[in-house]
Amino acid sequence: MIPPIASRFVAGETPAEALDHVRTLNERNVRAIVNLLGEHYDDRVPAEADAAEYRALVEDIAGSNLEACISVKPSQIGLDLGEDVFREILDEIVETAAENGVFVWIDMEDHTTTDATLDAYEDLAHEHYGGEGSDGTRSSSEQWSDGGVGVCIQANLKRTREDVERLADVPGKIRFVKGAYDEPAELAYKDKAEVNREYKELLAYAFENFDEAAGIGIGSHDPEMIDYAISLHEEHGREFEIQMLMGVREDAQHELAEEYEMWQYVPYGGRWKSYFYRRVMERKENLWFALRAITGR
Ligand code: FAD
């Protein structure tokens, strides 16, 4: 069982606990991106086991009519064993998800995985695109209800501008994040101000140039980035969605959900310790928030 100190950031150990959390989110108009915790498997057995759990999860999501999708990590489903293993397992998950009308996000890991991850996204997005709506466009909710795929892209990587240009007409969704991995200085912006500038420029490019079928996700807790996305939405009239992690700025999530499409990234599973540790290390206040949650003060 997950101790109360970690349950602010992790929805539980089982799919049933994760879906219970999703249900409470949906009641507040917040949709869920469900992630089974796991990464860097150097053996096919755990990769296949997690893939089987994801396939069962998308069936449960579809069967319970929850507004939820899934997000998978490439190294969780075989990338450390080879690109062919990753593609084979990812294809199976996306196929089952498409049959069930559930959207699949592909998380982005460190720079050594970027090419393989983007290539997989591009191929699968074209393969699983459900076509246009009756008015010639599709909102991101419509994409969600038909299945589909999205990928995360990191503003801290210097290559990302070119990647975003390449992906501008791919019929899927891009989740823009600042980047969580400590990358070498020759490949990545290290200064926070530079990453923020890049993030904003990438958003401006996306709102101005993305094809209607290419959705935009704002994966950030940063009020400045969210306000900027809202101003771009008002200027260009393009739809977008906001995504934040479970346990982070939840009041803001509820408030934003009243006006915008809001998604919460909901991790669950037995491998919760390293995820919880990362949340605490990236922001020491998180430990304080978690302690307050259990002491009720
Ligand atoms: P930061 O730059 O960390 O902080 C900016 C401001 O945001 C702060 O000053 C504060 O005002 C506010 N803020 C930030 N955190 C908190 C907090 N805990 N509590 C209160 N206020 C806060 N990274 C990847 O590399 N690959 C992925 O696949 C990936 N997926 C993600 C999915 C989602 C839904 C999200 C939200 C993030 C994901 N990330 C991923 C992580 C991302 O790259 C950043 O490391 C992380 O989001 C921190 O950047 P930030 O934009 O949220 O804000």
Side-chain angles (χ1 to χ4, degrees), residues 8-9 11 25 30-40 68-77 79 103-114 116-118 120-121 149-157 159-160 163 173-183 187-200 202-203 215-229 240-257 260-267 275-276 278-290 292-293:
R8 176 189 170 97
F9 301 106
L25 289 176
V30 177
R31 305 167 195 205
I33 303 169
V34 185
N35 169 254
L36 168 61
L37 291 164
E39 61 194 324
H40 292 301
C69 61
I70 59 168
S71 203
V72 302
K73 278 203 168 15
S75 74
Q76 175 179 31
I77 52 167
L79 189 54
F103 193 88
V104 179
W105 282 103
I106 313 169
D107 285 351
M108 185 61 79
E109 298 177 274
D110 73 58
H111 75 273
T112 62
T113 68
T114 312
T117 306
L118 295 185
Y121 164 68
V149 289
V151 76
C152 176
I153 203 127
Q154 299 151 325
N156 66 331
L157 289 188
R159 60 172 286 168
T160 293
D163 289 334
K173 274 197 238 178
I174 303 290
R175 171 201 302 154
F176 290 89
V177 301
K178 291 186 188 175
Y181 295 83
D182 187 17
E183 303 286 11
L187 301 177
Y189 301 104
K190 307 297 280 182
D191 180 57
K192 270 191 167 230
E194 274 187 308
V195 176
N196 287 346
R197 185 207 62 216
E198 277 302 302
Y199 192 94
K200 285 184 170 175
L202 292 169
L203 288 194
I216 301 172
I218 312 299
S220 176
H221 310 106
D222 190 340
E224 190 183 330
M225 302 305 138
I226 293 164
D227 286 349
Y228 186 61
F240 73 116
E241 64 186 59
I242 304 166
Q243 306 179 358
M244 293 193 201
L245 303 181
M246 178 179 172
V248 180
R249 300 198 64 217
E250 290 208 346
D251 289 347
Q253 296 186 27
H254 298 147
E255 223 170 276
L256 286 162
Y260 304 103
E261 187 172 320
M262 182 74 223
W263 293 79
Q264 183 181 100
Y265 189 99
V266 177
Y275 179 84
F276 173 62
R278 274 211 299 273
R279 297 283 77 77
V280 168
M281 290 316 285
E282 79 190 0
R283 205 173 163 89
K284 303 286 180 330
E285 295 97 307
N286 281 339
L287 185 59
W288 172 239
F289 288 137
R292 273 210 318 212

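Bear in mind the structure is a predicted one, so any value in this text is a computation, not a measurement. All ligand and atom numbering here is 1-based and tracks the order in the structure.
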Report task. Could you tell me whether some N/O pair between Gln243 and ligand 1 is separated by less than 3.5 angstrom? Result -> no
**Report entry** Heteroatom proximity flag, Pro223 to ligand 1, N/O under 3.5 Å
**Finding:** no
Query - Whether Tyr260 and Phe240 hold their rings parallel, tilted or perpendicular, with breakpoints at 30° and 60° - result: tilted
Query raised in the report: Does any N or O atom in Gly179 lie less than 3.5 angstrom from one in ligand 1, N or O only?
Result: yes
Query raised in the report: Going by the atom numbers of ligand 1, which of them fall below 4.0 Å from some non-hydrogen atom of Met244?
Result: 36 (C)
Query - Nitrogen or oxygen of Tyr181 less than 3.5 angstrom from that of ligand 1 - result: no
Report summary line: Short version for Cys152: what comes under 4.0 Å of ligand 1, heavy atoms counted, is side chain
Query raised in the report: Any Lys/Arg nitrogen of Arg31 or Glu241 sitting under 4.0 Å from an Asp/Glu carboxylate oxygen of the other?
Result: no
Query raised in the report: So which heavy atom on Gln253 is nearest to which on Val248, and how close?
Result: NE2-O, 2.7 Å
Query - Residues Lys200, Glu224: salt bridge by 4.0 Å N-O rule - result: yes
Report task. Have a look at Glu183, Lys178, Arg175, Glu224 and point out the one with the heavy atom closest to atom 49 (O) of ligand 1. Result -> Lys178
Requested in this report: Looking only at non-hydrogen atoms, find the nearest pair between Ser220 and Ile226 and report the distance.
Outcome: O-CD1, 3.4 Å
Requested in this report: For the pair Arg278 and Glu39, find out whether any cationic side-chain nitrogen is under 4.0 Å from an anionic carboxylate oxygen.
Outcome: yes
**Report entry** Proximity flag Arg279 to ligand 1, non-hydrogen atoms under 4.0 Å
**Finding:** no
Requested in this report: Select one of side chain, backbone, both or neither to describe which atoms of Asp107 lie under 4.0 Å from any atom of ligand 1, heavy atoms only.
Outcome: both
Query raised in the report: Would the Tyr265 and Trp263 ring centres measure less than 6.0 Å apart?
Result: no
Query raised in the report: Any nitrogen or oxygen of Gln154, main chain or side chain, under 3.5 Å from a nitrogen or oxygen of ligand 1?
Result: yes
Query raised in the report: Taking everything shown except Asp191 itself, do over 12 heavy atoms lie less than 6.0 Å from its CG?
Result: yes
Requested in this report: Give the contacting part of Arg249 toward ligand 1: side chain, backbone, both or neither, where contact means a heavy-atom distance below 4.0 Å.
Outcome: side chain
Requested in this report: Return yes if a side-chain donor-acceptor contact under 3.5 Å exists between Ser71 and Asp107, otherwise no.
Outcome: yes
**Report entry** Closest to atom 35 (C) of ligand 1 (judged by heavy-atom distance), picking from Val266, Val151, Leu245
**Finding:** Leu245
Query - Side chain to side chain, Arg249 and Leu256, heavy atoms closer than 4.5 Å - result: no
Requested in this report: Using heavy-atom distances, let me know which of Arg278, His221, Gln264, Lys192 sits nearest atom 36 (C) of ligand 1.
Outcome: His221
Report task. Can you sort out which atoms of ligand 1 are near Tyr265, meaning under 4.0 Å from one of its heavy atoms? Result -> 34 (C)
Query raised in the report: Would Met108 count as a contact of ligand 1 if the rule is a heavy atom under 4.0 Å away?
Result: yes
Requested in this report: Pull out every atom of ligand 1 sitting under 4.0 Å from any heavy atom of Val248, numbered as shown with elements.
Outcome: 16 (C), 17 (C), 18 (N), 19 (N)
